[in-house]
Amino acid sequence: MTPHLRAGVIAGIATLILDQASKLWLLFVFDIANRGVVKVTPFFDLVLAWNVGISFGWFQNDSFLAQALLTAIKAVAVIVLAIWMARSRNLLATLALGLIIGGAIGNAVDRVAYGAVVDFALFHLQIGENTYNWYVFNLADAAIVAGVAALLYDSFLGVPAAKAP
């Protein structure tokens, strides 16, 4: 295993562990389901949301078939990303892929265990009488977004590939 691949695998495993640990703690120790909205800062709350759809709550459907299909699609995506990660020779891209894979597996574990993804983080902004909410998300979602951002950075602004003679 190359040092880059090792770093990507560690990033993926760390993401998965932190994601699942945060969800288990919030569900079974903190008991977020019975606490309702927990204000942490003036712009951040903890709130339990069960996402039966995909990113940003799109395609909400809690049927077994829909959940199985989403899980199968996610499994194929993880396999493709893992192959890409194993072939990557760029540390930033490999770490980014590890974050995406770890986040995807973390959310897939939720789908299998609960039939939905556990979301809990809510950023919001109060302007006058109006409140503007971002989507409720979790650590897996944050890792996926960070991984995609790192891949985009690497694609557009990273070290250019060596030119063939």
Novice: Does the Ser88 side chain pair with the main chain of Trp84, one donor and one acceptor, at a distance under 3.5 Å?
Specialist: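 No, the answer is negative, given that no donor and acceptor are paired below the 3.5 Å cut-off.
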
Novice: Cluster question for you: counting only ILVMFWY and a side-chain heavy-atom cut-off of under 4.5 Å, with indirect links fine, are Ile73 and Ile79 together?
Specialist: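 No: no chain of side-chain contacts under 4.5 Å links Ile73 to Ile79.
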
Novice: A side-chain contact here means heavy atoms from C-beta on lying under 4.5 Å apart; do Leu48 and Leu26 qualify?
Specialist: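 No, side chains not in contact.
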
Novice: For Val136 versus Ala49, what's the shortest heavy-atom pair and its separation?
Specialist: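 Heavy-atom minimum between the residues: CG1-CB, 3.9 Å.
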
Novice: Apply the ring pair (Phe, Tyr, Trp, His ring centres under 6.0 Å) test between Phe123 and each candidate in Phe44, Tyr132, Tyr135; give the one that qualifies.
Specialist: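 Of the listed options, the one satisfying the test is Phe44.
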
Novice: Name all residues meeting the side chain to side chain contact (heavy atoms under 4.5 Å, CB included) criterion together with Leu92; count only those two or more places apart in sequence or in a different chain, and write none if there are none.
Specialist: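 Checked Leu92 against side chain to side chain contact (heavy atoms under 4.5 Å, CB included); matches are Asn90, Ala150, Tyr153, Asp154.
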
Novice: To the nearest 0.5 angstrom, please state how far the CD1 atom of Ile32 sits from the CG atom of Leu27.
Specialist: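 The CG atom of Leu27 is 7.5 Å from CD1 of Ile32, to the nearest 0.5 Å.
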
Novice: Side chains of Lys74 and Ile105, heavy atoms from C-beta outward: is any pair under 4.5 Å?
Specialist: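 No - every pair of side-chain heavy atoms lies 4.5 Å or more apart.
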
Novice: Got a second to check how far Thr94's OG1 is from Met85's CE, nearest 0.5 Å?
Specialist: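 It comes to 7.5 Å.
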
Novice: Ignoring hydrogens, what is the shortest heavy-atom contact between Lys23 and Gly106? Give both atom names and the distance.
Specialist: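 For Lys23 versus Gly106, the nearest heavy atoms are NZ-O, 3.7 Å.
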
Novice: In the single-linkage hydrophobic clustering (I, L, V, M, F, W, Y; side-chain heavy atoms under 4.5 Å), do Val148 and Val80 co-cluster?
Specialist: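 As far as the 4.5 Å side-chain criterion goes, Val80 and Val148 are not connected within one cluster.
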
Novice: Verify the cluster assignment for Phe28 and Trp50: are they in a single hydrophobic cluster under the rule of side-chain heavy atoms below 4.5 Å apart?
Specialist: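 Linked, Phe28 and Trp50 end up in one cluster.
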
Novice: Any chain of hydrophobic side-chain contacts (each under 4.5 Å) joining Leu91 to Leu152?
Specialist: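 No; tracing contacts between hydrophobic side chains, which count when under 4.5 Å, never links both residues.
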
Novice: Can you measure from CG (Leu99) to OG1 (Thr15) and round to the nearest 0.5 angstrom?
Specialist: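 Leu99 CG to Thr15 OG1: 4.5 Å, rounded to 0.5 Å.
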
Novice: With distance as the sole test, does Gln20 use its side chain to make a donor-acceptor pair with the main-chain N or O of Ser22 at under 3.5 Å?
Specialist: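 Judged by distance alone, no pair lies under 3.5 Å.
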
Novice: Quick one: are Phe137 and Asn51 in side-chain contact, heavy atoms under 4.5 Å?
Specialist: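 No, too far: nothing below the 4.5 Å cut-off.
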
Novice: Do Ile100 and Leu151 make a side-chain contact, defined as non-hydrogen atoms from C-beta onward lying under 4.5 Å apart?
Specialist: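 Touching, per the 4.5 Å side-chain cut-off.
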
Novice: Any side chain to side chain donor-acceptor pair (under 3.5 Å) involving residues 136-145? Give me the pairs, sequence neighbours left out, ordered by first then second residue.
Specialist: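 Qualifying pairs, neighbours excluded: Asn107-Asn138, Asn107-Asp141, Asp119-Asn138.
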
Novice: Restricting to non-hydrogen atoms, name the atom on Phe120 and the atom on Leu139 that form the minimum distance, rounded to 0.1 Å.
Specialist: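 Shortest heavy-atom separation between Phe120 and Leu139 comes out as CZ-N, 4.0 Å.
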
Novice: Are Val112 and Leu24 linked, directly or through intermediate hydrophobic residues, by side-chain heavy-atom contacts shorter than 4.5 Å (ILVMFWY only)?
Specialist: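 They do not share one cluster, since no chain of ILVMFWY contacts under 4.5 Å joins Leu24 to Val112.
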
Novice: Can you tell me how far the CG atom of Leu95 sits from the CG atom of Leu5, to the nearest 0.5 Å?
Specialist: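 Reported value, rounded in 0.5 Å steps: 10.5 Å.
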
